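Throughout, residue positions are numbered sequentially from 1 according to the sequence presented. This one's a predicted model, so the numbers in the text were calculated from it and none came from an experiment.
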Amino acid sequence: MEIFPERTQLVLDLVGVFFFAVTGALLAARKGFDIVASTLLAGLTGLGGGVVRDVIINVRPAVFEHPVYLVPVVLGVAVVYLYYPHVPRFRRTLLLVDAAGLGLFCVTGTVKALAADVPAVSAVLLGVTSAVGGGLLRDVVAREVPSLFRYDDIYALPAVVGATVTALLWRLDALSVWTGVGASVLTFALRALAVRYGWRAPLAYRRQPPDG
């Protein structure tokens with residue numbers, strides 16, 4: 001079943017790869033890595049989640065099917081190389097660009113899984129994997145605490161919401177380019193609000209009140 005036209009899916013994927021590649025290159029710049037390491041980290045961030053998704057649904061990873069996926073990686077590295085000194089607030093910029101990639105990939109990942117006849121619940125999980133997988137790999141390789149595991153940073157929940165909305169739209173036969181973009185914008189907005197207001201998820205244990 002074709003949900004998005006192939007060209008539309010490709011364009012959305014490429015934009016998402018660019019956003020995530022920028023976050024990888026930004027982190028490499030902050031760490032003082034060279035341009036080769038920046039390119040590798042940008043590629044891992046932009047393409048890692050999609051490769052994991054494609055392997056799970058048993059299709060050839062898109063980056064090997066369409067080498068054009070490498071173009072936004074190179075562009076992301078170039079943008080950071082040229083403009084990094086002009087980024088005044090590194091962390092906030094990184095988080096907002098990452099939120100844009102998160103919003104796009106949770107939708108396109110879910111759509112690709114649904115198009116492969118994956119059940120809706122599993123498609124949501126694969127959409128979330130597409131969205132958070134690259135960032136997780138980026139942070140682990142760069143020896144950062146992954147945003148996915150930070151108690152003071154809601155990261156995966158917006159992707160879960162976006163992927164779930166995408167699957168519901170598909171179930172209602174209401175999924176189109178515009179509604180898909182709407183789900184992506186919703187994910188971005190939730191993530192941006194979480195960054196702005198410091199929203200937190202509950203800890204893995206219940207805090208005990210202090211004695212006395």
Mind running side-chain contact (heavy atoms from CB on, under 4.5 Å) on Arg138 and Thr23 for me, showing each step along the way? CA-CA 9 Å; Arg138 173 198 65 210; Thr23 72; 2.8 Å; yes

Show, in sequence, the C-alpha distance, side-chain angles and deciding distance for Lys112 and Asp13, and conclude whether the salt bridge (Lys or Arg N to Asp or Glu O under 4.0 Å) test is met. CA-CA 10 Å; Lys112 190 161 187 178; Asp13 269 348; 5.4 Å; no

Could you give me the CA-CA distance, side-chain angles and deciding distance for Asp139 and Val145, then say whether side-chain contact (heavy atoms from CB on, under 4.5 Å) is met? CA-CA 6 Å; Asp139 293 341; Val145 176; over 6 Å; no

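The residues Glu144 and Lys31 are annotated as salt-bridged, a charged nitrogen and a carboxylate oxygen being separated by less than 4.0 angstrom.
The 12-atom threshold is exceeded at CG of Asp34, counting heavy atoms of other residues, nucleotides or ligands nearer than 6.0 Å.
Criterion: ILVMFWY side-chain heavy atoms under 4.5 Å apart, direct or through other members. Under it, Val71 and Tyr81 are part of a common hydrophobic cluster. No continuous path of hydrophobic side-chain contacts links Val80 to Val74 [ILVMFWY only; heavy atoms under 4.5 Å]. Leu114 and Leu125 are assigned to two separate hydrophobic clusters, defined by single-linkage of ILVMFWY side chains at heavy-atom distances under 4.5 Å. By the criterion of side-chain heavy atoms lying less than 4.5 angstrom apart, applied directly or through intervening Ile, Leu, Val, Met, Phe, Trp or Tyr residues, Leu10 is grouped together with Val15 in one hydrophobic cluster. Using a 4.5 Å cut-off between side-chain heavy atoms of Ile, Leu, Val, Met, Phe, Trp and Tyr, with links allowed through other members, Leu168 and Leu126 fall into different hydrophobic clusters.
Using a 4.5 Å heavy-atom cutoff, the side chains of Phe64 and Asp54 are not in contact. Counting heavy atoms from C-beta outward, Val118 and Ile56 have side chains that stay 4.5 Å or more apart. Leu157 has its side chain out of reach of Trp199: every pair of non-hydrogen atoms, C-beta onward, lies at least 4.5 Å apart. Inter-residue side-chain proximity for Val73 and Leu47 is flagged as met; some heavy-atom pair is nearer than 4.5 Å. Contact annotation: the side chain of Val160 approaches that of Thr164 to within less than 4.5 Å [non-hydrogen atoms, C-beta and beyond]. The shortest distance between side-chain heavy atoms of Leu75 and Val22 does not fall below 4.5 Å. Looking at heavy atoms from C-beta onward, Phe188 lies out of side-chain contact with Leu102 at the 4.5 angstrom threshold. Contact annotation: the side chain of Phe105 approaches that of Val17 to within less than 4.5 Å [non-hydrogen atoms, C-beta and beyond].
A pairwise comparison of heavy atoms in Ala183 and Val165 identifies CB-CG1, 4.0 Å as the closest pair. In this structure, Leu14 and Pro72 approach most closely via the heavy-atom pair O-CB, 3.6 Å. For Thr110 against Gly127, the heavy-atom pair with the smallest separation is OG1-CA, 3.4 Å. Shortest non-hydrogen contact noted between Ala174 and Thr179 is O-OG1, 3.0 Å. What you find for Pro158 and Leu190 is that their closest heavy atoms are CB-CB, 4.0 Å. Contact between Asp98 and Phe20 at its shortest, heavy atoms only, is OD1-CE2, 3.1 Å.
We find the CG-CG distance between Leu148 and Leu136 to be 6.0 Å, quoted to the nearest 0.5 Å. With values rounded to the nearest 0.5 angstrom, Ser38 atom OG is found 8.5 Å from Leu26 atom CG. The distance from atom CG of Leu96 to atom CZ of Phe19, rounded to the nearest 0.5 Å, is 11.0 Å. In this structure, CG in Leu104 is found 12.0 Å from OG in Ser130, a value given to the nearest 0.5 Å.
Between Thr166 and the choices Val124, Val161, Val111, the side chain to side chain contact (heavy atoms under 4.5 Å, CB included) rule is met once, by Val111.
Distance alone, capped at 3.5 Å, places no donor-acceptor pair between the Thr187 side chain and the Gly103 backbone.
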